[in-house]
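To start, the structure itself, in structure tokens.
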Amino acid sequence: MNHQLFSNVSKKALVVLLGAAALVSCSPKHSTLPPEQFAQRADPNKGLKDYFKGYFPIGVAVGMNSLHSADTNIIIKEFNSVTPENDMKMGPIHPSENVYNWKNADEIVEFATAHHIRIRGHNLCWHNQEAPWMFKGPDGQPASKELLLQRLKDHIYTVAGRYKGKIYAWDVVNEAVDDSNDTTLIYRKSNWYNTFGGPEFIAAAFRFAHEADPNAKLYYNDYNSEHPVKREKIFKLLKYLKANNVPIDGVGFQAHWKLNDPSPEELRKALDEVISLGLKVQFTELDITIRTPQPRPAPGEARPAPAPDAGYTPEVETKQMAQFKMAFDIFREYRKSITGVTFWNVSDQYSWLDRRGGGLAGGAAASATTPMQTLKAYPLLFDVNRQRKKAYWSVVDF
């Protein structure tokens, strides 16, 4: 036997074995600890933003109450991105032709800047919370396409221009896609669409936003983005924008989800389609309500009386924890294409869904005639006492 050859081979084998062992020891491991035990061992100084450092920013929607309440410390500790929930929408910020309400929006920007928190702008063009005066001409008649285009340009130049260099990303156009299961209807028949006679306003809004702030990342934002029919409609819009060289950087999936919706397969399919166009993704308004729709009664049958509200039971807690974990497992899997995850509100103490039947009365785009019913949704990672829920620990335990 050639002892020198054996020695060399043995050394090489040892190096390989040691390298493999080191690789295994450095690889991330999924904890098998129950959430309560993981919480006890967790670093008390770490927030969501720290757990996901190197993955994507973790954001939250805020308003004036958030900046002047017990939420404030949570925002500073847990998040490194904020989105104004309402204060930059067209109606609130630009209520009449020559009037802008800057106070709240400015305060949010100043708060975020002071605490080194990034800011997402929301939003520049939407059919809801729009400014009604924009659609009226000087003679009281409906505004012409040309007049509305100029007003849209002036609005975007003014708002995006004011926060140029301070807002890193904008939801430029919000919810412009039809939400029905009719596959022949691609676009929502909004005042914008009807005045322009088509989707031209969408492309125009993106171009105006890019001209106002060339460095801001520009997103199209919508809900039910994972549902097959809506997903394909959004995909057609995105292909139209790309084919016309519209400056769009990505898509916002609002992610107003339920305990069993979307499925992992639906979520991955929606992500894959957007990414195939060279676009990035942000999850912009994440919440997971515990409320599930009741089956529709058969024709001629009366709707059964609602059961007593059981609240946030251990059963729904477990299901919600699993749905959040599924979502964030996929988010991390697609981390090269996901550039942010934002929760819509801070804690279960207040959620916009509470006044909409816990999320069952429709989203912000629901008709003004939709009956509003107060029902807690419990859709976030912090409970009604602003404490971390088990779902929180399921999200950060990776």
Side-chain angles (χ1 to χ4, degrees), residues 56 83 120-128 152 156 160 168-190 192-193 196-257 262 265-286 327 330-331 333-342 363-365:
F56 32 71
T83 302
R120 296 188 76 258
H122 177 79
N123 54 60
L124 294 172
C125 182
W126 188 27
H127 71 278
N128 202 326
L152 178 63
I156 292 176
Y168 85 94
W170 275 102
D171 291 328
V172 179
V173 178
N174 199 46
E175 301 174 3
V177 168
D178 176 75
D179 197 41
S180 74
N181 286 323
D182 186 341
T183 57
T184 65
L185 296 176
I186 305 301
Y187 301 103
R188 184 187 297 275
K189 299 303 186 288
S190 65
W192 296 100
Y193 183 93
F196 278 86
E200 178 187 343
F201 75 96
I202 303 173
F206 275 93
R207 291 193 172 103
F208 295 153
H210 181 65
E211 291 163 7
D213 187 352
N215 293 322
K217 300 299 182 183
L218 307 181
Y219 286 77
Y220 172 74
N221 194 52
D222 216 326
Y223 62 96
N224 288 348
S225 311
E226 311 78 27
H227 293 183
V229 174
K230 183 82 173 274
R231 181 191 72 216
E232 295 307 312
K233 292 181 182 184
I234 293 173
F235 193 47
K236 288 180 180 179
L237 165 61
L238 299 176
K239 287 192 290 186
Y240 158 78
L241 296 176
K242 294 288 286 185
N244 287 277
N245 298 313
V246 173
I248 178 173
D249 296 289
V251 178
F253 288 27
Q254 291 186 11
H256 296 300
W257 290 341
E265 295 75 22
E266 289 173 331
L267 180 52
R268 284 194 175 90
K269 176 65 174 177
L271 282 165
D272 289 340
E273 286 198 353
V274 171
I275 294 167
S276 74
L277 296 176
L279 297 171
K280 299 296 186 181
V281 173
Q282 292 199 354
F283 291 87
T284 55
E285 306 181 21
L286 177 60
I330 292 177
F331 295 168
E333 179 184 334
Y334 283 81
R335 62 186 177 274
K336 291 183 179 179
S337 299
I338 293 174
T339 58
V341 176
T342 295

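Since the structure is predicted, the reported quantities are computational estimates derived from the model, not experimental observations.
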Side chain of Asn244, backbone of Val246: donor and acceptor closer than 3.5 Å? no
Treating Lys280 as the side-chain partner and Lys336 as the backbone partner, does any N or O pair qualify as donor plus acceptor under 3.5 Å? yes
Between Tyr219 and Thr339, do the side chains contain a donor N or O and an acceptor N or O under 3.5 Å apart? yes
Pro228 backbone acceptor or donor facing Lys269 side chain under 3.5 Å: no
Atom CD of Gln254 and atom CD of Glu226: how far apart are they, to the nearest 0.5 Å? 10.0 Å
Is the terminal nitrogen or CZ of Lys230 (NZ for Lys, CZ for Arg) located under 6.0 angstrom from the six-membered ring centre of Tyr223 and within 45° of that ring's axis? yes
CD1 (Ile330) and CZ (Arg268) are apart, to the nearest 0.5 Å, by 4.0 Å
I need the minimum non-hydrogen distance between Ser180 and Leu185, along with the two atoms involved. OG-CD1, 4.2 Å
Heavy-atom check, side chain of Val173 versus side chain of Cys125, under 4.5 Å: yes
Ion pair Asp171/Arg120, N-O distance below 4.0 Å: yes
From Ile186 CD1 over to Arg188 CZ, what is the distance, rounded to the nearest 0.5 angstrom? 13.5 Å
Establish, from distance only, whether the side-chain atoms of Asn221 and Glu285 form a donor-acceptor pair under 3.5 Å. yes
Plane angle bin for Phe331 and Trp257 - parallel if under 30°, tilted between 30 and 60°, otherwise perpendicular: tilted
Ring-plane angle category for Trp192 and Phe201, please: parallel below 30°, perpendicular beyond 60°, tilted otherwise. parallel
Mind checking the CD1-OH spacing from Ile248 to Tyr240? Nearest 0.5 Å is all I need. 11.5 Å
Any side-chain heavy-atom pair of Leu279 and Lys242 under 4.5 Å: yes
Look at the side chain of Asp249 and the backbone N and O of Leu218, then say whether any donor-acceptor pair between them is shorter than 3.5 Å. yes
Roughly how far apart are Leu238 CG and Ile202 CD1, rounded to 0.5 Å? 10.0 Å
Quick one: does Lys189's side chain have a donor or acceptor within less than 3.5 Å of a partner on Tyr187's backbone? yes
Looking at every non-hydrogen atom in both residues, tell me the closest pair between Phe56 and Gly340 and how far apart they are. CB-N, 3.9 Å
Is the shortest heavy-atom distance from the side chain of Thr284 to the side chain of Thr83 under 4.5 Å? no
Which value, rounded to the nearest 0.5 Å, describes the distance between Thr183 atom OG1 and Lys236 atom NZ? 6.5 Å
For a quick test of reading the model, state the closest non-hydrogen atom pair linking His127 to Asn174 and the distance between them. ND1-O, 4.4 Å
Any idea which heavy atoms bring Trp170 and Ala216 closest together, and the distance? CD1-CB, 4.1 Å
Backbone of Asp182 reached by a side-chain donor or acceptor of Lys233 within 3.5 Å: yes
Heavy-atom closest pair, residues Arg231 and Ser225: CB-O, 3.3 Å
Would you say the side-chain atoms of Asp272 and Tyr334 include a donor-acceptor pair closer than 3.5 Å? yes
Pro262 and Leu267 have their tightest heavy-atom pair at CG-CB, 4.4 Å
Is the backbone of Ala176 close enough, under 3.5 Å, to the side chain of Tyr220 for a donor and an acceptor to pair up by distance? yes
